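What follows is one structure encoded as structure tokens, with my remarks underneath.
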Number of protein chains: 2
Amino acid sequence: MKNSSMKMRPENTELREALSEAGLRYTAQREAVYDYLCSVYTHPTAEEVYHAVRQRIPRISLATVYKCLEALVACGKATKITSSSGPTRYDPRTDRHIHMHDVRTGEVRDLHVPPEFPIHEQLQAQLENLVRQSGFRITDVRIELMGYFDGPGHGSSSAS
Amino acid sequence: MKNSSMKMRPENTELREALSEAGLRYTAQREAVYDYLCSVYTHPTAEEVYHAVRQRIPRISLATVYKCLEALVACGKATKITSSSGPTRYDPRTDRHIHMHDVRTGEVRDLHVPPEFPIHEQLQAQLENLVRQSGFRITDVRIELMGYFDGPGHGSSSAS
DNA sequence: ATCGATGCAAAGCGTTTGCAGGGGT
DNA sequence: ACCCCTGCAAACGCTTTGCATCGAT
């Protein structure tokens, strides 16, 4: 969206290796989808990725975008974000972190939490005993914040 | 599913009033959908509600079930549960609580947390300062646990 | 009596699939 | 050379909608 020279990592070797380890191939489409995902702070929908990546690969199809995103999830380079309304969004981060969902726009952003603040670990530790009584084994803890952004430039009305 | 005399509340006056306050009417279909929702600990999908409620109201349609569930959400008597795979599930609880998602089956159950353990409030308090820096106003905090139930009768393999 | 809710069928949306041809290994 | 991936179109599952009739207020 901003400019055309968006290389996120020193190289895309990381992606290449992740795909390879999962038995998947490295293709221009997958690279472009991944690069775009990493280049935006919003967590785009498949449709948004499609429109953006078409500037780099004009002949790419929406189906391929879906398949690429699925491949990224499969090789551990992306995760899905779902909410009660609107299509699935995709996130290039796979570590535990917190999402802020704007309930008005559907927009999702990451909350930056200082590393010395291990919220997910604390929470999981607090809950382990309770869930064990339910015969449940935790593999992931998700924290999602619903609300709205009201800083300058985010609301719908700026002047009164 | 278990037996036919499933009255959850002393009366369904609560539901009647909630619908009324939202400008919605009290109908046999809405009552049946709500009663069924309350009678099961799993959080059923619209399809599951449909099949169950047909025993009480054989002529009900799936579209009406969806509309009833939407009406329950609108009047504050139910919430939606979404996950990255599978259809939306419905929950008759509207207070903050924690869901355990079985990643193998899609099943969702509530985690029982002692009332003297205000997890959501603690968490929200911890996060308020961080989100304010992002220009975000929290209206809801959701905690979802992913994992699997492995108690007797849930796992796939019991003997080694 | 009024106006919203139901039931049916058909459409809608986001996503997945089948297949012939192209590209990565 | 092999087999996976792409691109196209068609199918898919879940959910919503349009409309005539029914029923709650």
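All values below were derived from every heavy atom in this structure, side-chain atoms included, with hydrogens, water molecules and symmetry-related copies excluded. Lettering follows sequence order; numbering is per chain, from 1. On a predicted model such as this, the values are computed, not experimentally measured, just so you know.
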Minimum heavy-atom distance between L37(B) and A78(B), given as atom pair plus value: CD1-CB, 4.0 Å
Roughly, in whole Å, what's the span from CD in Q29(A) to P in dC4(D)? 17 Å
On a heavy-atom basis, the closest approach of T82(B) and S83(A) is OG1-C, 3.6 Å
P87(A) side chain: which of dG7(C), dG14(C), dC8(D) is closest? dG14(C)
Answer yes when R142(B) and E144(B) have at least one side-chain N-carboxylate O distance shorter than 4.0 Å, and no when they do not. no
Tell me whether the NZ or CZ atom of R56(B) lies within the 45° cone about the ring axis of Y36(B) and under 6.0 Å from its centre. no
Base, sugar-phosphate, or nothing: which does T88(A) touch, judged by heavy atoms less than 4.0 Å apart? sugar-phosphate
Shorter than 3.5 Å, N or O on both sides, protein versus nucleotides 22-25 of chain C: list them out with atom names.
unit_1, atom_1, unit_2, atom_2, d
dG23(C), N2, R25(A), NH1, 2.6
dG24(C), O3', Y26(A), O, 3.3
dG24(C), N2, R25(A), NH2, 3.2
dT25(C), OP1, Y26(A), N, 3.2

In Å, rounded to the nearest 0.5 Å, how long is the span from OH of Y90(A) to CG of L72(A)? 10.0 Å
Write down the protein N/O and nucleotide N/O pairs, taken from nucleotides 16-22 of chain D, whose separation is under 3.5 Å; answer none if there are no such pairs.
unit_1, atom_1, unit_2, atom_2, d
dG18(D), O6, K67(B), NZ, 3.4

Starting at CG of D140(A), measure out to OG1 of T79(A) and round the result to the nearest 0.5 Å. 9.0 Å
To the nearest angstrom, the OH-C1' distance between Y50(A) and dT16(C) comes to 16 Å
Rounded to the Å, how far apart are E17(B) CD and dA24(D) P? 19 Å
Tell me which of S61(A) and G86(B) sits closer to the 5' end of DNA chain D, going by the nucleotide each one is nearest to. S61(A)
Let me check something: any side-chain donor-acceptor pairs from residues 62-71 of chain A under 3.5 Å, sequence neighbours excluded? List them with distances.
unit_1, atom_1, unit_2, atom_2, d
T64(A), OG1, S61(A), OG, 3.0
E70(A), OE1, K80(A), NZ, 3.3

With a 3.5 Å cut-off and no angle check, do the side chains of Q122(A) and Q126(A) form a donor-acceptor pair? no
I60(A) CD1 to dC5(D) P, in whole Å, measures 14 Å
Between CD of E107(B) and CZ of R89(B), what distance do you get to the nearest 0.5 Å? 7.5 Å
Looking only at side-chain N and O atoms, does R30(B) come under 4.0 Å of OP1 or OP2 in dA5(C)? yes
Whole Å only: how far is the CD1 atom of I57(B) from the C1' atom of dA24(D)? 14 Å
Please report the distance, rounded to the nearest Å, between CZ in R89(A) and P in dT15(C). 11 Å
For atom CG of N12(B) and atom P of dA24(D), their distance in whole Å: 15 Å
Atom-pair distance (CD on E48(B); P on dC14(D)), nearest Å: 11 Å
